[in-house]
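Every heavy atom of this structure was used, including side-chain atoms; hydrogens, water molecules and symmetry mates were not. Order of listing sets the numbers, starting from 1, for every ligand and every atom in it.
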Amino acid sequence: MSESADADAQVYSDEIFDAEAASPPLLVLDRVARRYVQGDETVDVLLEASAVIESGEVVALIAPSGTGKSTLLHIAGLLERPDGGEVYFDGEPTVGLSDSARTALRRNQVGFVYQFHHLLPEFSALENVVMPQLIRGLSAAEARSRAKDLLSYLGLGARLSHRPSELSGGEQQRVAIARAVANAPRLLLADEPTGNLDPVTSAHVFATLTALARASGLAAIVATHNLDLAGTLDRRLTLRDGVVVEA
Ligand SMILES: Nc1ncnc2c1ncn2[C@@H]1O[C@H](COP(=O)(O)OP(=O)(O)OP(=O)(O)O)[C@@H](O)[C@H]1O
């Protein structure tokens, strides 16, 4: 790690893969670097950002705007390749994989939730959750059954046929969570999922995420500006000068 990096920064080396351990951590970011170049300007967003995320834990990522939270989530979710460092998923390095292998891994193992739900407006809550499963190749019957179960689990059993415009903000976001986990990913990445919601609804969405992780072993990284809500999660990470620090 460079001398300029924060002394508290998380650093992982060979010991992250403990030969005695039953299974490797779900996600390891190992000294990840990302730089954006635009014209004459270079921005080093991530320098040596490292983090270990275990199955079943819900981790908050709290940092001021513009410090690289979305960039980190994109790299963790295999949407972007880092310029340096490695991203291990289930112990396997992913940076050198082909585009198609990375896409397959992402489709099968990672779900995303954003600040704005991006639900398809002309489809019902149920259909929005069915859709990704059909794309994955499940039968319509299986997909509907799982979508119903998930939406009911998330408290939306009476809202299955509502379109997004007929749902409250919190309900829309819970449908977005159901859609994100419809194909049973092992990692959920949420980029300010409650940035658009009132405090009570936000707390409900956070509780939903935690309950889901507890029930299914899903791991989640939730970027948020809300310190109170972050306090309800298992761990808090922050970004400082391009490195990850346990908050
Ligand atoms: N594709 C890109 N090209 C050039 N610069 C970029 C690109 N994406 C991000 N950046 C820059 O990298 C920095 C970090 O951006 P990022 O979106 O990761 O921050 P953030 O912490 O998620 O911000 P916010 O909380 O406001 O969403 C910003 O200065 C941004 O302008």
Side-chain angles (χ1 to χ4, degrees), residues 1-2 4-6 8-10 27-53 57-89 94-95 99 102-103 106 110-119 169-170 172-173 176-177 180 185 187-199 201-203 205-206 209 219-247:
M1 145 158 277
S2 73
S4 61
D6 193 295
D8 298 331
Q10 307 209 354
L27 176 76
V28 175
L29 303 176
D30 188 18
R31 289 164 287 185
V32 163
R34 184 73 171 100
R35 142 183 302 191
Y36 293 112
V37 181
Q38 265 190 335
D40 294 341
E41 206 184 326
T42 299
V43 186
D44 281 305
V45 179
L46 302 175
L47 287 172
E48 292 189 327
S50 296
V52 173
I53 309 294
E57 66 172 353
V58 185
V59 177
L61 180 61
I62 322 154
S65 184
T67 50
K69 292 187 301 296
S70 301
T71 301
L72 192 78
L73 291 182
H74 288 169
I75 289 173
L78 312 186
L79 282 169
E80 269 184 51
R81 259 182 244 266
D83 300 315
E86 187 53 89
V87 178
Y88 296 90
F89 200 96
T94 62
V95 174
D99 286 348
R102 284 168 59 86
T103 301
R106 184 173 65 246
V110 187
F112 294 91
V113 178
Y114 298 97
Q115 179 172 357
F116 299 100
H117 55 73
H118 301 301
L119 296 170
Q172 290 169 355
Q173 210 46 317
I177 292 171
L187 176 66
L188 184 71
L189 301 172
D191 199 348
E192 300 196 31
T194 60
N196 206 19
L197 303 176
D198 65 69
T201 312
S202 300
V205 169
F206 268 58
L209 277 174
I221 307 177
V222 185
T224 180
H225 290 294
N226 188 320
L227 296 180
D228 290 339
L229 290 176
T232 66
L233 302 184
D234 297 324
R235 280 196 294 139
R236 281 146 294 286
L237 302 177
T238 190
L239 280 167
R240 198 182 300 153
D241 299 330
V243 300
V244 180
V245 179
E246 194 96 29

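The N/O atoms of Gly66, backbone and side chain alike, include one that comes under 3.5 Å of an N/O atom in ligand 1.
For atom 24 (P) of ligand 1, the closest non-hydrogen atom on the protein side is Ser65 OG, 3.5 Å. Considering only non-hydrogen protein atoms, atom 18 (O) of ligand 1 sits nearest to Thr71 OG1, 2.6 Å. In terms of protein heavy-atom proximity, atom 17 (O) of ligand 1 is closest to Ser70 CB, 3.6 Å. Atom 6 (C) of ligand 1 has its closest protein heavy atom at Tyr36 CD1, 3.3 Å. Atom 12 (O) of ligand 1 has its closest protein heavy atom at Val45 CG2, 3.2 Å. In terms of protein heavy-atom proximity, atom 25 (O) of ligand 1 is nearest to Lys69 NZ, 2.8 Å.
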Between Leu46 and Leu239, does a side-chain contact (heavy atoms from CB on, under 4.5 Å) hold up when you go through it step by step? CA-CA 9 Å; Leu46 302 175; Leu239 280 167; 3.9 Å; yes
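Annotation: salt bridge (charged side-chain N to carboxylate O under 4.0 Å, His left out) contacts of Arg34 (sequence neighbours excluded): Glu80, Asp83.
Leu237 and Ala51 make their closest contact through CD1-CB, 4.1 Å (heavy atoms, listed as atom of the first residue, atom of the second, distance). In plain terms, the two heavy atoms of Val87 and Val32 that are nearest each other are CG2-CG2, 4.0 Å.
Relative ring orientation between His118 and Tyr114 is described as perpendicular, the plane-to-plane angle rising above 60° on a 0-90° scale split at 30° and 60°.
Closer than 4.0 Å to atom 30 (C) of ligand 1 lies none of the heavy atoms of the protein.
Using a 4.0 Å cutoff on heavy atoms, Gly68 counts as a contact of ligand 1. Within the 4.0 Å heavy-atom cutoff, His225 counts among the residues contacting ligand 1.
Side-chain N or O atoms of Glu192 include none that pairs as donor or acceptor with a backbone N or O of His225 at under 3.5 Å. With hydrogens and angles ignored, the 3.5 Å screen pairs a side-chain donor or acceptor of Gln173 with a backbone N or O of Pro193.
The Glu192 neighbourhood of ligand 1 comprises atoms 25 (O), with distances under 4.0 Å to a heavy atom of that residue.
Between Asp99 and Arg106, no side-chain nitrogen of the basic residue sits less than 4.0 Å from a carboxylate oxygen of the acidic one, so the salt-bridge criterion is not met.
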